[in-house]
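Every value quoted in this text rests on a predicted model; they were computed, and no experiment measured them. To find a chain, count down the sequence lines: A is the first, B the second, and so on, and within it residues start at 1.
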Number of protein chains: 2
Amino acid sequence: MSQNNITLKELAKILDVSISTISKALNDSHEISEATKTKIKELAKLHNYQPNKLAINLKSGKTKTIAVLIPSIQNYFFAKVLLGIESVVAKSPYNIIIGITNESYEDEKENLQKLSNGIVDGFILSVAEETQIKQEFNHFKNTNKPIVMFDRVVKNMTCDKVMVNDFDSVYEATVDLIKNNRKNIAIATTINNLSVIKHRIEGYKKALSAHLNQVEFDLIVEEPLHLISDKLTNILKAKKIDAIISLDEFASLAVLKTVKQNNFSIPSEIALIGYMDEKVATYLTPEFSTIDQNGVQIGEIAAKTLIDRLENKALEPQEIIIKSTINKKATTN
Amino acid sequence: MSQNNITLKELAKILDVSISTISKALNDSHEISEATKTKIKELAKLHNYQPNKLAINLKSGKTKTIAVLIPSIQNYFFAKVLLGIESVVAKSPYNIIIGITNESYEDEKENLQKLSNGIVDGFILSVAEETQIKQEFNHFKNTNKPIVMFDRVVKNMTCDKVMVNDFDSVYEATVDLIKNNRKNIAIATTINNLSVIKHRIEGYKKALSAHLNQVEFDLIVEEPLHLISDKLTNILKAKKIDAIISLDEFASLAVLKTVKQNNFSIPSEIALIGYMDEKVATYLTPEFSTIDQNGVQIGEIAAKTLIDRLENKALEPQEIIIKSTINKKATTN
DNA sequence: TTGAAAGCGTTACCAG
DNA sequence: CTGGTAACGCTTTCAA
C-alpha cells in the first residue's frame with residue numbers, strides 16, 4: 001500500500017514551477033514548451049501521479065458516473081441487463097454505481113436521493129414493484145438528473161424508456177400454441193401488480209378471444225412462488241389443460257416441475273413455454289421453450305441512450321421497444 | 001426536472017448572513033443561536049437544500065463509497081454475494097460501485113485504476129480467472145485503498161480475506177457418498193485454473209485416498225461448458241460410475257441433464273451432488289443435492305470487514321472462513 | 001453568536 | 001511560454 005497520491009502542488013514544488021504549468025503540461029496544452037512538458041510528464045510518471053477525480057468532478061460538475069437501480073439481483077433477467085449496461089459503459093469514460101431496491105418504494109426513493117447530490121450524472125432504472133402498487137412517482141421527478149427507465153417504466157413520465165413488447169410476445173406465443181391445436185391454455189405467474197405482467201396477460205387474453213372466441217379466463221394462476229405448485233396441481237387435476245405459459249423465471253421452473261410431478265408427458269400432453277434464461281433452459285429436461293426478453297440488448301440500449309442524453313441534452317425523449325424472441329425447444333411442438 | 005441544487009452561498013445571500021453561519025446552522029452547531037438555526041433550516045427545507053456530496057468528499061478525502069469487483073454476473077453465486085454486500089451497505093452511510101471484470105486481467109486492472117483516484121474508499125473483490133492464471137497481482141498492491149478479497153483470494157497478499165472451506169466441503173461430500181457405498185465417484189467442472197476449484201478437487205482426492213485407498217484419479221472431468229456433456233457421456237458409457245460431484249453451477253446443470261439423457265436412474269444408479277443455487281436446485285427434477293457456499297453470508301461478512309477497516313485502520317488483517325453447507329435432497333441418499 | 005478566510009485538488013482565464 | 005488568481009461547494013479555525 002503506497003502513500004496517498006501525489007498532487008499537482010507537490011509536483012510544482014519539486015520542479016519549482018507553478019501549479020498551472022504542471023496542470024497544463026499534463027493536459028498537453030499547446031501553451032507549454034515541449035521541453036518542460038516532457039520533464040513534467042516524466043516526473044509525474046515517476047511519482048505515479050493520478051489526478052484526483054473528486055476535484056475534477058467538483059470543478060466540472062460532472063462525475064462520469066451512472067447509477068443503475070434494479071429491483072432484485074436474484075433474477076437472471078436483471079443480471080443480463082446489467083451485463084449489457086456494463087459492456088457499453090466499460091467502453092466509455094463512465095462508471096456504474098449499482099443500487100438494489102429490493103422491490104421497495106422506500107429503498108428506491110432513498111437510493112435516488114442519496115445519489116442525486118452530485119454523485120452520479122444520471123440513472124438507469126427499472127421501477128420497484130411496491131412503487132408500481134403505490135403509484136407514487138414523485139421521487140423520480142424530484143431528481144434533477146436524467147433517467148432512463150427499462151422494462152418496468154412509468155407511463156406518464158417524460159423520460160427515456162426502453163421497453164419490451166410484452167403484449168405482442170405473449171400474444172404470439174399463445175397463437176402459436178393454438179395453431180398446434182392447444183385449446184386449453186393456462187397461464188402462470190409468481191408476480192402481480194407489475195404492468196409488464198399485466199400486458200403479458202392481456203396478450204394471452206387477446207389471442208384466446210381472437211382465435212378461440214374465448215371470453216372467460218379461468219386458467220390464470222397468480223400465486224407467490226411457495227404456493228404456485230399446489231395451486232397448479234389442483235387445477236391440473238380438476239381441468240383438462242394442454243399448454244401452460246409461464247410469465248417469469250421462477251414460475252417457469254415451478255411449472256415444469258409440477259407438470260412432471262403430475263406425470264403428464266411434455267409436450268405431447270402439455271406444452272410449456274415461458275420466460276426463462278436461455279442458458280438455464282438449455283440444461284433442463286426437456287429443454288424449455290422460452291420467451292427471451294433479450295436482456296443484454298435492453299441493457300446496451302439503455303446505457304447508450306443515457307450516455308447520449310448526458311453528452312447532448314437536446315434530444316427528444318426516446319421510447320425504444322426491444323422485441324422478445326421466441327425460442328422453441330423441447331417443451332413445445 | 002428541477003433546477004440544479006441550491007448552495008450554501010445562495011442561501012447565505014437570501015438571508016444576508018455568512019456562508020459559515022449557514023453551514024454551522026445546518027450542521028446543528030452549538031455556536032449558532034436557536035433562532036437563526038430554525039430560520040435557516042426552514043429556508044433550506046423550503047428550497048430543498050441538499051449538500052453537494054462532491055464538495056464534502058473533496059474536503060474530507062473520503063467518499064463513503066465501496067467498489068465491488070466481481071468476475072461475472074451470470075452466476076448465482078456472485079449475485080448472492082452482491083445481495084449480502086448490499087444488505088449490509090444499505091444500512092450504512094456507504095454506497096456501492098460495481099465493476100464486472102469478465103474474468104479478464106486487463107478489465108480488473110483498469111477498474112482498480114479508474115476507481116482508485118478518489119472515487120472509492122475501498123474494494124471488495126474476487127480475483128478474475130485470467131489474473132490467477134497469469135499470477136500477476138501488482139495491480140492490487142498499487143492501489144492505496146484497502147481491499148477485502150472473497151472466495152478467490154491471493155494467498156500471498158496481506159489484506160482482509162473472506163474464504164470458503166472448499167477442501168473440507170468436497171472432502172465431506174465425498175466421504176458421505178463413500179459411506180453410502182459409492183465407490184466409483186467422478187468429479188466434473190467447467191472451470192480450470194481457479195485455486196478454489198483446485199482445493200475442491202484436492203478434497204475429493206484426499207477422501208478417495210483416505211477411505212478407498214485410491215491412488216489414481218481418472219474420473220476427473222474438466223471441460224468447458226459446451227464440451228462437458230459429450231465428454232461425460234463417453235465416460236458413462238466406458239466406465240461404471242455411481243456418483244458424480246459437480247464443482248460449479250453450470251457443471252451441475254450439465255451433469256444432471258447428461259445423466260438423465262443416458263437413462264441412469266437418480267440416485268439409485270448414480271448419485272449427484274454439487275455446487276448450485278439452492279432455489280434453482282429445489283425446482284429441478286429430481287431436487288438437486290447441493291453444496292451451498294452461503295454467498296449471502298460471504299457478502300455480509302466481506303462488507304462488514306471492509307467498513308470496519310475503513311472506520312478503524314488499526315485492525316490486523318482478517319482471514320475469515322465461511323463454511324459451506326451440504327443440503328442433501330433427492331439426488332443423493 | 002457570527003463572520004472571514006484558508007483549504008481540499010483541480011481547471012481556466014488573464015497577465016506578463 | 002509561464003504564472004497568478006479565482007472558482008467549484010463545502011468545513012473549520014480563528015478573530016471579532
Kindly say if [X] contacts the phosphate of [N], meaning a side-chain N or O under 4.0 Å from OP1 or OP2.
X: A:Tyr49; N: C:dT10; value: yes
X: B:Ser18; N: C:dA4; value: no
X: A:Thr21; N: D:dG3; value: yes
X: B:Lys62; N: C:dC8; value: no
X: B:Lys59; N: C:dG9; value: no
X: B:Ser33; N: C:dT2; value: yes
X: B:Asn27; N: D:dT11; value: yes
X: A:Ser60; N: C:dT10; value: no

First of B:Thr36 and A:Glu31 reached from the 5' end of DNA chain C, by closest nucleotide: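 Upstream on the strand: B:Thr36.
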What integer distance in Å separates [X]:[atom1] from [N]:[atom2]?
X: B:Leu54; N: D:dT11; atom1: CG; atom2: P; answer: 13 Å
X: A:Asn52; N: C:dG7; atom1: CG; atom2: P; answer: 17 Å
X: B:Ile19; N: C:dA6; atom1: CD1; atom2: P; answer: 14 Å
X: A:Ile40; N: D:dG3; atom1: CD1; atom2: C1'; answer: 12 Å
X: A:Leu15; N: D:dT2; atom1: CG; atom2: P; answer: 12 Å
X: B:Asn57; N: C:dT10; atom1: CG; atom2: C1'; answer: 15 Å
X: B:Leu8; N: D:dT11; atom1: CG; atom2: C1'; answer: 9 Å
X: A:Asp28; N: C:dT11; atom1: CG; atom2: C1'; answer: 15 Å

Donor-acceptor under 3.5 Å (A:Thr101 side chain, A:Ser104 main chain): no
Quick one: does any side-chain atom of A:Asp160 pair with a main-chain N or O of A:Gln318 as donor and acceptor, under 3.5 Å?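 Looks like yes, one N/O pair under 3.5 Å.
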Pairing of B:Glu106 and B:Lys109 as salt bridge, 4.0 angstrom limit: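 The answer is no: the pair does not qualify as a salt bridge.
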Whether A:Lys134 and A:Glu130 form a salt bridge (side-chain N of Lys/Arg under 4.0 Å from carboxylate O of Asp/Glu) is what I want to check. yes
For A:Leu58, answer base if it contacts any base atom (sugar-phosphate contacts may also be present), sugar-phosphate if it contacts only those atoms, and nothing otherwise; contact means non-hydrogen atoms under 4.0 Å. base
Residue pair A:Ser116, A:Gln113: steps toward the side chain to side chain donor-acceptor pair (under 3.5 Å) verdict: CA-CA 5 Å; A:Ser116 286; A:Gln113 281 182 342; over 6 Å; no
Which nucleotide in the set C:dA4, C:dT11, D:dG4 lies at the smallest distance from any side-chain heavy atom of A:Ser20?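 That would be D:dG4.
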What's the closest nucleotide to the side chain of B:Lys24 if the choices are C:dG3, D:dC10, C:dG9?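 Looking only at heavy atoms from C-beta outward on B:Lys24, the closest nucleotide is C:dG3.
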